[in-house]
**Q** 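Before I ask anything, let me first share the structure, which is written out below as C-alpha cells.
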Amino acid sequence: MNPRMRPEQAIRFDPDKGQHAYISTKLDSSEFCPNIRGEIIDESRTGCGVVVYNSDEANDLQPGHHCIAQVGKLEPVEATIVWRKIEGDETAVRLGLKYEE
C-alpha cells in the first residue's frame, strides 16, 4: 500500500487489486442487500472513495445520503455519502463515503 495525505482528510491508501464496494440504499431491511457495486479508488480508516459505472441508483445519491456499505473484505457498516462527482460522459459517478461506526 502506498499512503498519501490530502490536507483535509485522513491518510489514504490504494486499495488491493480487484476489490469492490457494495452499497445498499435500503436502510429498513434486516439483511444486507446491496443494490450498487463500485470499484474502490482509495481507502482510509474513516471512509473510502468509490467509482460506480452505469448505475441509476448511484446517480440518485447525493451528499448526506445514508447507506450501508461493504468495502472489500470488511463487514457492512453504516456510511454517509460526503461527496459526489460525475465523471467524463456521465456514465460514471465518484462517491466519497464516510463510515459512521
**Q** Using 0.5 Å steps for rounding, measure from the CG atom of Leu74 to the CD atom of Glu43.
**A**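 Taking CG in Leu74 and CD in Glu43, the distance rounds to 7.0 Å.
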**Q** Are the side chains of Leu97 and Ile81 in contact, using a 4.5 Å heavy-atom criterion?
**A**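 Yes, their side chains come closer than 4.5 Å.
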**Q** Should His66 and Glu78 count as side-chain neighbours, where that means a heavy-atom distance under 4.5 Å?
**A** no
**Q** How many angstroms lie between atom CD of Gln62 and atom CH2 of Trp83, to the nearest 0.5 angstrom?
**A**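 Taking CD in Gln62 and CH2 in Trp83, the distance rounds to 13.5 Å.
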**Q** Enter the distance from Gln19:CD to Ile41:CD1 here, rounded to the nearest 0.5 Å.
**A**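 Rounded to the nearest 0.5 Å, the CD-CD1 separation comes out at 14.5 Å.
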**Q** Are the side chains of Val93 and Leu61 in touch, meaning some heavy atoms are under 4.5 Å apart?
**A**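 No. Closest side-chain heavy atoms not under 4.5 Å.
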**Q** Step through the shown structure and confirm whether more than 12 heavy atoms of other residues, nucleotides or ligands are within 6.0 Å of CD on Glu75.
**A** no
**Q** Return the minimal non-hydrogen interatomic distance between Tyr99 and Ser44, and the atom names on each side.
**A**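 Distance-wise, the nearest heavy atoms are CE1-O, 3.9 Å.
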**Q** Please check if the side chain of Asn35 supplies one atom and the backbone of Thr25 the other of a donor-acceptor pair under 3.5 Å.
**A**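 Yes; judged by distance alone, with no hydrogens or angles, the pair exists.
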**Q** Work out which heavy atom in Tyr22 is nearest to a heavy atom in Pro34; give both atom names and the distance.
**A** CB-CB, 3.7 Å
**Q** Is there a path of hydrophobic side-chain contacts, each under 4.5 Å between heavy atoms, that joins Ile68 and Ile23?
**A**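 No, separate clusters.
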**Q** Quick one: which of Ile86, Val52, Val51 gives a side chain to side chain contact (heavy atoms under 4.5 Å, CB included) with Arg94?
**A** Val51
**Q** Run the side chain to side chain contact (heavy atoms under 4.5 Å, CB included) check on His20 and Ile40 step by step: do they pass?
**A** CA-CA 5 Å; His20 291 92; Ile40 303 167; 5.5 Å; no
**Q** Quick check for you: to the nearest 0.5 Å, what is the distance between Asp60 atom CG and Arg84 atom CZ?
**A**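 Asp60 atom CG to Arg84 atom CZ measures 8.0 Å (nearest 0.5 Å).
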**Q** Determine the minimum heavy-atom distance between Val50 and Ala21, stating which atoms define it.
**A** CG2-CB, 3.8 Å
**Q** Check for a donor-acceptor pair, side chain of Ser24 on one end and backbone N or O of Cys33 on the other, with a separation under 3.5 Å.
**A**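 Pair found, side chain donor or acceptor close to backbone of Cys33.
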**Q** Which heavy atom in Ile36 sits nearest to a heavy atom in Ser55, and how many Å separate them?
**A**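 Taking every non-hydrogen atom into account, CG1-OG, 4.2 Å.
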**Q** Backbone N or O of Tyr53 within a donor-acceptor pair of the Arg37 side chain at under 3.5 Å?
**A**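 Side chain of Arg37 to backbone of Tyr53, a donor-acceptor pair under 3.5 Å: no, none is there.
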